[in-house]
Structure formats: structure tokens, C-alpha cells
Amino acid sequence: MSLFSAMSIARSGLDAATRRLEVSASNIANLRTTGPAPGADGTTTAYRALTVRQTDATGGGVLSEIVPRDPGWTVEPGPGDPNADARGLVAAPNVDLVTETSDLLMARIGYAAAAEVMKVADDMQKTATDMFV
């Protein structure tokens with residue numbers, strides 16, 4: 001494995017950790033954002049929780065993309081909520097605060113690990129260059 005491929009793999013890890021952080025922050029920020037309960041067609045305008053889908057990249061690393069969580073929202077009681085229907089139900093994001101906090105911590109750890117790999121690869125490249133100067 002070359003130093004450049006190590007840096008590329010680490011960069012993909014940085015990108016994935018950044019996306020995980022963005023998604024968790026968005027989900028937490030919209031935790032209490034409600035919308036009308038779904039109509040007959042099953043849709044609602046409530047915030048739909050997000051998640052990050054990760055797949056292995058050819059040659060190493062990871063590909064990550066932000067996608068809607070399935071299910072992205074749940075129906076819950078919301079008496080007094082302006083979005084409540086006649087039954088007092090609203091659509092709320094399918095967000096668990098404990099899981100989102102855990103994802104934030106894992107994103108932080110993943111980012112730090114990928115940054116360290118980049119630092120080590122850079123140090124190795126400098127050492128290799130110094131050997132020929």
C-alpha cells in the first residue's frame with residue numbers, strides 16, 4: 001500500500017465521520033420538530049430523521065452518503081400541538097437521543113483515528129523524502 005492510498009483511505013474516513021456528525025447534529029436539532037400525522041397516502045411534512053449509509057470502497061476506504069432513515073418518523077400523541085389531528089396525534093422524527101449521542105462520540109473517535117492515520121502517513125513520507133536528500 002502506498003502512502004498516497006493510505007492518505008486516500010484516511011480521507012474517506014474523515015468524510016464518513018463528518019457526515020455522521022452532520023446527521024446526528026441535524027437529528028438532535030430537529031428532535032421536537034413535528035408535523036401533521038400522515039394522511040391516507042402515508043406522507044407527512046414532519047422532519048424525517050437521517051442516517052449515514054456506508055459501503056466499502058474499491059481499493060480501500062469507505063463510501064458514505066446521507067439517506068433518510070426508514071422509518072424516518074413515528075406517530076405519537078401531541079395534544080395541544082398545532083399539528084395534531086382530530087385524534088391528537090402528530091408525526092415526530094424517529095430520533096433516539098441516546099443513539100444520536102453515541103453516534104456523535106463514535107464520529108469524533110473515527111475522525112480522530114483517520115486524522116492520526118493521515119499524520120503518520122505524512123510523517124512517513126517526510127522520512128522517506130529525507131532519506132534521498
Side-chain angles (χ1 to χ4, degrees):
M1 174 186 300
S2 73
L3 293 176
F4 293 114
S5 64
M7 297 272 273
S8 175
I9 291 168
R11 172 60 195 251
S12 74
L14 289 173
D15 290 343
T18 300
R19 284 189 182 93
R20 288 179 71 183
L21 177 65
E22 290 171 355
V23 163
S24 289
S26 178
N27 286 343
I28 290 169
N30 289 289
L31 182 66
R32 297 289 175 223
T33 305
T34 61
D41 60 358
T43 61
T44 181
T45 57
Y47 172 79
R48 183 172 182 153
L50 302 171
T51 192
V52 176
R53 183 181 326 159
Q54 293 184 183
T55 56
D56 292 337
T58 305
V62 65
L63 299 173
S64 60
E65 63 179 322
I66 298 173
V67 296
R69 184 173 289 160
D70 189 25
W73 47 265
T74 60
V75 177
E76 62 182 40
D81 188 310
N83 291 309
D85 63 10
R87 299 171 294 163
L89 300 175
V90 295
N94 183 19
V95 175
D96 175 43
L97 191 54
V98 173
T99 300
E100 297 302 331
T101 303
S102 174
D103 285 350
L104 285 173
L105 293 172
M106 293 303 293
R108 179 179 161 258
I109 291 167
Y111 194 93
E116 187 63 26
V117 168
M118 289 189 88
K119 181 182 177 298
V120 169
D122 184 53
D123 290 346
M124 290 173 62
Q125 182 180 14
K126 287 177 185 173
T127 300
T129 303
D130 290 347
M131 291 171 64
F132 295 105
V133 175

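Both backbone and side-chain heavy atoms feed into the values below; hydrogens, waters and symmetry mates do not.
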Practice item. For the residue pair Arg11 and Val117, establish whether any side-chain heavy-atom pair is separated by less than 4.5 Å. Key: no

Check your understanding: Within a strict 4.5 Å, meaning less than it, do heavy atoms of the Pro36 and Asp85 side chains meet?
Key -> no

Exercise for review: Treating Ile, Leu, Val, Met, Phe, Trp and Tyr as nodes and any side-chain heavy-atom pair under 4.5 angstrom as an edge, say whether Trp73 and Tyr47 lie in one connected cluster.
Suggested key: no

Review point. Mind checking whether Leu104 and Ile28 have side chains closer than 4.5 Å, heavy atoms only?
Key: yes

Practice item. To the nearest 0.5 Å, tell me how far Ser8 OG sits from Met118 CE. Key: 8.5 Å

Check your understanding: Which atom names give the shortest non-hydrogen contact between Gly110 and Ala17, and what distance separates them?
Key -> C-CB, 4.2 Å

Exercise for review: Treating Ile, Leu, Val, Met, Phe, Trp and Tyr as nodes and any side-chain heavy-atom pair under 4.5 angstrom as an edge, say whether Val75 and Leu31 lie in one connected cluster.
Suggested key: no

**Study point:** Value rounded to 0.5 Å, distance of OG1 in Thr127 from CZ in Phe132
**Key:** 11.5 Å

Check your understanding: Closest approach of Pro77 and Pro79, non-hydrogen atoms and distance?
Key -> C-CD, 3.5 Å

Check your understanding: Between Ser64 and Gln54, does any side-chain donor sit less than 3.5 Å from a side-chain acceptor?
Key -> no

Check your understanding: When rounded to the nearest 0.5 angstrom, what is the spacing between CD in Glu65 and OG1 in Thr51?
Key -> 10.5 Å

Exercise for review: Tell me, please, which residues at least two apart from Asn94 pass side-chain hydrogen bond (donor to acceptor under 3.5 Å, both in side chains).
Suggested key: none

Practice item. Quick one: pull up CG in Leu21 and CG in Leu105 and give me the separation to the nearest 0.5 Å. Key: 10.5 Å

Practice item. Over all heavy atoms of both residues, which pair between Val23 and Glu100 is shortest? Give the atoms and the distance, please. Key: O-OE1, 4.5 Å

Point to revise | Spacing of CZ belonging to Arg48 relative to CG belonging to Asn30, to within rounding of 0.5 Å | key: 14.0 Å

Point to revise | Thr45 side chain to Gly35 backbone, donor-acceptor under 3.5 Å | key: no

**Study point:** Atom of Thr34, atom of Ala92 and distance for their closest heavy-atom approach
**Key:** CG2-CB, 4.3 Å

Exercise for review: Can you tell me which residue pairs pass the salt bridge (Lys or Arg N to Asp or Glu O under 4.0 Å) test with a partner in residues 16-26, sequence neighbours excluded?
Suggested key: Arg20-Asp103

Review point. How long is the gap from CG on Asn27 to OG1 on Thr101, to the nearest 0.5 Å?
Key: 11.0 Å

Point to revise | Electrostatic pair Asp130:Lys126 at N-O distance under 4.0 angstrom | key: no

Point to revise | Shortest non-hydrogen contact between Leu50 and Ser26, atoms and distance | key: CD1-OG, 4.2 Å

Review point. So, for Leu89 and Ala37, which heavy atoms are closest and what is the spacing to 0.1 Å?
Key: O-CB, 3.8 Å

